[in-house]
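Scroll down for the structure; my scribbles are underneath it.
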Amino acid sequence: MELSAKYSPIETEKKWYKYWMEKGFFQSEPDNREPYTIVIPPPNVTGVLHMGHMLNNTIQDVLVRRARMLGKNACWVPGTDHASIATEAKVVAKLKAQGIEKGDVTREEFLAHAWEWKEKHGGIILEQLKKLGASCDWERTKFTMDPDLSQAVINTFVYLYNKGDIYRGVRMVNWDPVGQTAVSDEEVIHKETKSKLYYLKYYLSENGKSTGEHIVIATTRPETIMADTAVCIHPEDERFFHLKGKSVQIPLIEREIPIVEDNYVSMDFGTGCLKITPAHDINDYEIGLRHNLPVIDILDDYANLNEKAIILVGEDRFTARKKIIKMLNKSGHLIKEESYVSQIGYSERTDAVIEPRLSLQWFLKMEEAAGPALESIMEDKIKLIPDKYKNTYKHWMENVKDWCISRQLWWGQQIPAWYLPNGKVVVAKTVEEALTLALEIDPTTSIDELEQDPDVLDTWFSSWLWPISVFDPEKPGNPDKEPNRDLAYYYPTNDLVTAPEILFFWVARMVMAGQEFCNDIPFKNVYLTGTVRDKSGRKMSKSLGNSPDPIKLMEEFGADGVRVGMLLCSSAGNDILFDQSQVEQGRNFANKIWNAYRLVKGWEIDPNTTQPSQSAISVRWFDNLLAESIDIINDHFNKFRLSDALMHLYKLFRDDFCGWHLEIVKPAYGQGIDRQTYDSTINFFDNLLRLLHPFMPFITEELWQNLLEREEGDSLMVNIMPEKYEFNKKNIAQFNLAKETIVQIRNIRQSKGISPKEELKLLLKGSLSEQLYPVILKMANIGEILDLSEKDPNDTGVSFMVDTIEFFLPLEGFTDIAQEIKKAQDELKHLEGFLKSVNAKLSNEKFMANAPRKVVNIETKKRTDAMTKIEKLNQLIEELSK
RNA sequence: GGGAGCAUAGCUCAGUUGGUUUAGAGCAUCUGCCUUACAAGCAGAGGGUCGGGGGUUCGACUCCCUCUGCUCCCACCA
């Protein structure tokens, strides 16, 4: 069958992925081999593949495929995350499109819609990963809301509550008065907003009566003055020493509030006097705690003023602001107003101005777990790659705050806490167990009276268990339970590949969960990928529309091409600036491999031909080079330098294998090839395909299958990587001299306009092994190689040097001697400068005394080499000048 | 405001505990080639006083200080 000059990936990729699936090559069961485990960072269940996933999962697949080919029992566990906030938002939007408000349906109805949505859209992303070639064990696919994984979350909550690590506390949340929900910090968008700073008079008061004196307070939120419970000054602010211990009256409502002192106040901002409104500002709340101030909440769920405000009751917060300014102006409390620009938080979903609001939330204590979690990273029990993130990690762990684990949502694991009619709370795995506990508090309680906490748990509260629960869902919350077979075998996992943004949200918490429930680390290495950005460095995002569609990209360039394109420019922890030209480079490389195959496949073995000497030399050289490369690639992988490993292979295949070896051994047109060279070359090709397979699984499988006859059911992906073997460094160095000589000759041909087809003669003097001559003859189109002593003084031509070997290329009629002299002189000048710097070192007593012997030897050799070359150049210039 | 990091060729990056020829690669650029595997290719070339300044050292891209310019994380000032 005639093979096309262009490799077309689509059909090939489908074919082999199906084959791998059918043969069960992705599946893993515990056995007596060494395990290699990765758990996927679960993408949002309703998400679609973006470039970040492409990068992240390509890296994981490279690691897993390589481990598999190193003979390990490789297991890559896939799955998805229920992503409560994101998914709930999508379901709400979908209902809204049908004219249904979330408030109109019951929790059960809403969840039914959510599950329906999940069934319809869930897992699309996993199907997309298959196109990329991801070798996940799909039999093990998990979802964070699978019944058993949800149960693990509940068990964990109950366990930690009983242990005393989970408690309820008041916290300021971001309240969206339009969406009627609390939103997470991540969903608050800060925008620069023009507002006004109002300067208000607060009269000093004694025993409820104004003294007539006043202070001035600057505020952007005059409508909240009714919630003030103090005025605050800096303890060292001399301007206000006379106010210490006194009280002021809130304008209009004339409630008396104390003046307190706190370092929080900055003396040089506003007037230096700050009104304290604990219910409506997070900082004020904290100051309030320090000074035992009461909390007066004057806003309702819709951010309208409530009866506690006394005035303007029922008004919207912004209307109230306008009205109160008029009132304050009229009463003479308003001194002035200034334009002011500040950062205001808006809800991502409703664009409503976020109202800070106090509410009762569930928290998990972090302090106790933080110490060991920090230690395991700082002492390299878990390695971060790159390790610069250790600092960031340390900083966070040392300033860790308790984790707010409750969310005011429906999609997720509902908090297993039940309230008695008297407001007391019991925590249990089921309502029946809750009743048992409730009866101990109040024997009259009935099961119908128990009301479950409506909130769900933070999604991270299920994903922090992920490396454990995917193997043994009964283990979290049961530290004393024996691990099941899977957990015992696969845990701790080997590598985790994720983004640095979630180092705290996820990675640190998995380390804590590992300690708590398995008494062990969850993984040994954490490879942190960068952000995928566009060419000009902007983050890829839907709204910018600067992200290519990964599926289309794979259809156009092939999954192998995209994988290579992503990997070539991505070192750990560095952002990658994505450009389609990189993917083109990947596709071109696949095409190159394809064409190398076409060439080799077209060769016919001629049993009567013996191996030409240049072929024998090339085979020996490439054999050494391959061994050296295996060494280098192993080293790159040990250090997680994936792009370097790939780049090395890229050059090895393209330049060394195709550009040199294949060109050297390629038989002349119409002739056959000898058996020995053919077999060696096929063997090289086979090894190269193995080395390339983790990066480019599809094309390597395709060609490997066709290179030799393979047994049905065999596959490259379950074959073994070439192992390192002894090689001769000197042989490689010698061959490089021949390569350089050839390059020099080609260079001279081009600069003098001599066709590669014109055969030339070459004269030389120096230590070039005669064994290499046949390679030079073939690759530089040289007719014969003679000793330089045979040079006819009348010959015209070009001289050059490689290392310390002198060459002369006779060129008939070539007379541009001046140019040759100039070239030699430039070279001479460079060498003399170089020699001078070397001599400076060698004649420096301190250098000779302090530098290690090895360095001195190198410098000495540099000097000898440079002097030899200078001498020869001088001779040459002299000859040319005659 | 607190913390961290980065700055090397036009672009993206290496440079492995300071010394392997006065810095390497890929891409891009330029020149010449439709050479019977591949123009998604082949052959060759040019290009950097390693952000500025100072210091330590026999020796600095590498260590220290400082300035400049970017980036990220955390907290956000009434």
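Proteins come first, then strands; the chains are lettered A, B, ... in the order of their sequence lines, and each starts at number 1. Excluded from the calculations below are hydrogen atoms, water molecules and symmetry mates; all remaining heavy atoms, backbone and side chain alike, are included. Model, not experiment: these values are computed from the prediction.
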rG1(B) pairs with which nucleotide, Watson-Crick or G-U wobble, both distances below 3.5 Å? rC74(B)

Between rA14(B) and rG32(B), how far is it from one C1' atom to the other, in whole Å? 31 Å

For the residue pair Phe657(A) and Phe685(A), categorise the inter-ring angle as parallel (less than 30°), tilted (30 to 60°) or perpendicular (more than 60°). perpendicular

What is the separation between atom CD on Glu223(A) and atom P on rA78(B), rounded to the nearest whole Å? 14 Å

Could you go through the side chain to side chain contact (heavy atoms under 4.5 Å, CB included) check for Lys336(A) and Tyr198(A) one step at a time? CA-CA 6 Å; Lys336(A) 60 169 176 174; Tyr198(A) 301 95; over 6 Å; no

Integer angstrom distance from the C1' of rC50(B) to that of rC34(B): 42 Å

Separation of atom CG in Asn781(A) from atom P in rC33(B), rounded to whole Å: 18 Å

Of the listed rA78(B), rU22(B), rC58(B), the closest approach to the Leu197(A) side chain comes from rA78(B)

Does the rA37(B) base have a donor-acceptor partner in the side chain of Glu663(A) within less than 3.5 Å? yes

Can you tell me the distance, in whole Å, between the CH2 atom of Trp396(A) and the P atom of rA4(B)? 18 Å

Of the listed rA40(B), rG32(B), rA37(B), the closest approach to the Gln750(A) side chain comes from rG32(B)

When the C1' atoms of rU62(B) and rU56(B) are compared, how many Å lie between them, rounded to an integer? 14 Å

State whether Lys592(A) places a side-chain N or O below 4.0 Å from either non-bridging phosphate oxygen (OP1 or OP2) of rC42(B). yes

Using Watson-Crick or G-U wobble geometry with both distances below 3.5 Å, tell me the partner of rU29(B), or none. rA45(B)

Which comes earlier along RNA chain B counting from the 5' end, the contact point of Lys639(A) or that of Ala218(A), where each point is its nearest nucleotide? Lys639(A)

If we take the C1' atom in both rC64(B) and rG18(B), what is their distance in whole Å? 13 Å

With 3.5 Å as the limit, what N/O pairs link the protein to nucleotides 55-57 of chain B?
none

Assert: residue with more 5' nearest nucleotide on RNA chain B, out of Val855(A) and Thr392(A), is Thr392(A)

Are the side chain of Asp387(A) and the backbone N or O of Lys383(A) linked by a donor-acceptor pair below 3.5 Å? no

Is Arg654(A) close enough to rC27(B) that one of its side-chain N or O atoms is under 4.0 Å from OP1 or OP2 there? yes

Taking the same atom, C1', in rU68(B) and in rG51(B), what whole-Å distance lies between them? 8 Å

Side-chain atoms of Asn588(A) come closest, of rA40(B), rA37(B), rU36(B), to rA40(B)

Below 4.0 angstrom from OP1 or OP2 of rA37(B), is there any side-chain N or O of Lys666(A)? yes

Does OP1 or OP2 of rA43(B) have a side-chain N or O of Asn747(A) closer than 4.0 Å? no

Identify whether any heavy atom of Cys232(A) sits under 4.0 Å from a base atom; if not, whether one sits that close to sugar-phosphate; answer base, sugar-phosphate or nothing. nothing

What contact category does Asn399(A) fall into here, base, sugar-phosphate, or nothing, at under 4.0 angstrom with non-hydrogen atoms? nothing

Looking at the side chain of Val743(A), which of rU20(B), rA40(B), rG44(B) is the nearest nucleotide? rG44(B)

Flag the pair Asp281(A) and Arg221(A) as a salt bridge only when some basic side-chain nitrogen lies within less than 4.0 angstrom of an acidic carboxylate oxygen. no

Rounded distance in Å - CG (Leu649(A)) to P (rG26(B)): 14 Å

Please tell me if Arg746(A) has a side-chain N or O lying less than 4.0 Å from either OP1 or OP2 of rG44(B). yes

Proximity of Tyr393(A) and Tyr389(A) rings by center, below 6.0 Å: no

Trp660(A) six-ring face occupied by Arg746(A) cation (under 6.0 Å, within 45°): yes

With sugar-phosphate meaning primed atoms plus P, OP1 and OP2, does Leu568(A) contact a base, only sugar-phosphate, or nothing at under 4.0 Å between heavy atoms? nothing

Grab the CG-C1' distance between Asp262(A) and rC77(B) for me, whole Å please. 13 Å

Using the P atom as the reference point in each nucleotide, state the distance between rG26(B) and rC42(B) in Å, no decimals. 12 Å

Under 3.5 Å, is there an N or O donor on one side and an acceptor on the other linking the side chain of Arg641(A) and the base of rU16(B)? yes

For nucleotides rG52(B) and rU8(B), find the distance between their C1' atoms and express it as a whole number of Å. 15 Å

With distance as the sole criterion, is a donor-acceptor pair present between the side chains of His291(A) and Asp262(A) under 3.5 Å? yes

Measure centre to centre between the rings of Tyr597(A) and Tyr7(A), then say whether the value is under 6.0 Å. no

Rounded distance (Å) that lies between atom C1' of rU20(B) and atom CZ of Arg863(A): 17 Å

Integer-rounded Å distance: rG41(B) P and Leu599(A) CG: 16 Å

What nucleotide, of rA14(B), rC76(B), rU22(B), holds the atom closest to the side chain of Asn283(A)? rC76(B)

When both hydrogen-bonding distances must be under 3.5 Å and the geometry is Watson-Crick or G-U wobble, what is rA7(B) paired with, if anything? rU68(B)

Just how far, in rounded Å, is C1' of rA43(B) from CD1 of Ile745(A)? 14 Å

Base partner of rG19(B), which must satisfy Watson-Crick or wobble distances under 3.5 Å: rC58(B)

I'd like to know if the side chain of Asp237(A) and the backbone of Met267(A) have a donor-acceptor N/O pair within less than 3.5 Å. no

Can you tell me which nucleotide in rU21(B), rC38(B), rC27(B) comes closest to the side chain of Asn595(A)? rC38(B)

At less than 4.0 Å, is any side-chain N or O atom of Asn391(A) found next to OP1 or OP2 of rG5(B)? Yes or no. yes

If I pick the P atom on rU22(B) and the same atom on rG5(B), what distance separates them, to the nearest angstrom? 32 Å

Presence of salt bridge, Lys196(A) and Glu337(A), under 4.0 angstrom: yes

Would you say Tyr393(A) reaches rC73(B)'s phosphate, i.e. side-chain N/O to OP1/OP2 under 4.0 Å? no

Classify the side-chain pair Tyr264(A)/Glu286(A) by whether it contains a donor and acceptor separated by less than 3.5 Å. no

